[in-house]
Amino acid sequence: MHNNRGSYGSYQQQYSGSSTPTIKNPSASFDKGADFNDRDRINDLLATEKWLTDGFNVFVRETSHQELYNDVLHILNETHHACRDVFNLMFEKGWYSLHPEQPSHIAEHHQKYSGYRSQFPTQGSGQFQTGGMYSQRDY
Amino acid sequence: MYRNQQQQQRRSQPPPILSTKDDAYLTDALSWELLAAKKAHSFASQCSDNQVKYQAEQLCQMHQRHYNILLNHLSTDQQQYYEDQSYPHFHN
C-alpha cells in the first residue's frame, strides 16, 4: 500500500518492497494550484544546477592549460555544493523522501562483493595506503 | 631562428594560452552562468518562503562570481602570455 504523502508532484518512484519507514520531513506548505509555486521554483533551480555540473564536467576535461583547469574544476566543485545545498533545503522542507534498503539485502551484497576482492590483480595494497600517484591530493 | 628555438623546447604542460576549444567552452559557460544568475534572481523575487528566497539569492551571487572568474580568462590569458614572451606571431 503506497502512502499518499508527497504524491503531489512526487519526482521519485514509490518503493513498495520495504517494511522500513520512509525518511521524510512533514511537507512545508506551498501553493498547490496551477501556478508556478515555491517548490516548482526550487526544483527548477536544482535542475539547473544539475545541468550545469554536467556542462562543467565536460569543460574541465577539455581545458588546455593548468590555470584554466584549476578554475573550472573549482567552479564545478562549487556547483556540486550548490546542488547539495538545494537538495538539503528541499529535504528539510519535506519535498524529498528516501526509502531505506533492507539491511539483509545490503549484507548480502557486502558479502558478495567482498568475495570479488580475491580477483584484484595486485594483492596487499591497503585501502588507505598513501603515496600512490592517484591517492587523494589537493587541487 | 626564433621559430626553431620555440620548437626545440619540450614542454611538460601546455602554455597558458587559450585554445580555440577553450574559447568556445568559455563563451558557452558564460552564457550558462548569466542565464542561471538571472533565473535565480527572478525566482527569488517571486518566492514567498524566506528560506527558498535566500537560497535562490545565494545561487544568483554564486553564478555572478563564476561568471567573473570565467570572464577573467578571456581578458588576461592570451595578452599576458604574448607580452611575457614578446611573441611576434602565431605559429601554424
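On a predicted model such as this, the values are computed, not experimentally measured, just so you know. Below, all heavy atoms of this structure are taken into account, side chains as well, without hydrogens, waters or symmetry copies.
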*Run the numbers on C47(B) and R41(A) for side-chain contact (heavy atoms from CB on, under 4.5 Å), then give the verdict.*
CA-CA 8 Å; C47(B) 280; R41(A) 287 184 193 94; 3.8 Å; yes

*If two hydrophobic side chains count as joined below 4.5 Å and joins carry through other members, does V58(A) share a cluster with W32(B)?*
yes

*Is it the case that one hydrophobic cluster holds both L71(B) and L34(B), taking links as side-chain heavy atoms less than 4.5 Å apart, direct or via other members?*
yes

*Is the backbone of T63(A) close enough, under 3.5 Å, to the side chain of D22(B) for a donor and an acceptor to pair up by distance?*
no

*Just do the side-chain contact (heavy atoms from CB on, under 4.5 Å) check on D71(A) and L70(B) with the steps written out, would you?*
CA-CA 8 Å; D71(A) 279 349; L70(B) 295 168; over 6 Å; no

_Could you measure the distance from the CD atom of E33(B) to the CD1 atom of I75(A)? Nearest 0.5 Å is fine._
6.0 Å

*Which answer fits Q13(B), side chain, backbone, both or neither, if we ask what part of it has an atom under 4.5 Å from a heavy atom of chain A?*
side chain

*Part of T48(A) within contact of chain B (heavy atom distance under 4.5 Å)*: side chain

*Apply side-chain contact (heavy atoms from CB on, under 4.5 Å) to D49(B) and I42(A), showing your working.*
CA-CA 11 Å; D49(B) 183 288; I42(A) 198 69; over 6 Å; no

*Report the distance from atom CZ of F59(A) to atom CG of L26(B), rounding to the nearest 0.5 Å.*
4.0 Å

*Answer with side chain, backbone, both or neither: which region of F56(A) has an atom nearer than 4.5 Å to a non-hydrogen atom of chain B?*
both

*Got a second to check how far H66(B)'s NE2 is from H74(A)'s NE2, nearest 0.5 Å?*
5.5 Å

*Which atom names give the shortest non-hydrogen contact between S64(A) and P14(B), and what distance separates them?*
O-CG, 3.5 Å

*Evaluate whether atom CZ of F36(A) has more than 12 neighbouring non-hydrogen atoms of other residues, nucleotides or ligands under 6.0 angstrom away.*
yes

*E78(A) versus H63(B), side-chain donor and acceptor atoms under 3.5 Å*: no

_Membership question, hydrophobic clusters at under 4.5 Å side-chain separation (ILVMFWY): are W95(A) and L98(A) in the same one?_
yes

_Which of A56(B), S48(B), A24(B), A29(B) touches chain A most, by non-hydrogen pairs under 4.5 Å_ = S48(B)

*When clusters are formed by joining ILVMFWY residues with side-chain heavy atoms under 4.5 Å apart, either directly or through shared neighbours, do L35(B) and Y25(B) land in the same one?*
no

*Determine, stepwise, if the pair D44(A) / K39(B) fulfils salt bridge (charged side-chain N to carboxylate O under 4.0 Å, His left out).*
CA-CA 9 Å; D44(A) 190 308; K39(B) 185 198 267 194; 2.4 Å; yes

_Please say yes or no: joined through hydrophobic side-chain contacts below 4.5 Å, possibly via intermediate residues, are W51(A) and L73(A) part of one cluster?_
yes

*Measure the acute angle between the ring planes of H73(B) and H65(A), then classify it against the limits of 30° and 60° as parallel, tilted or perpendicular.*
tilted

*Which bit of L89(A) is near chain B, if near means a heavy-atom gap under 4.5 Å: side chain, backbone, both or neither?*
side chain

*Would D38(A) and K53(B) pass as an ion pair if we require N to O under 4.0 Å?*
no

*Would you mind telling me which of Q46(B), M62(B), R65(B), Q58(B) has the largest number of heavy-atom pairs within less than 4.5 Å of chain A?*
Q46(B)

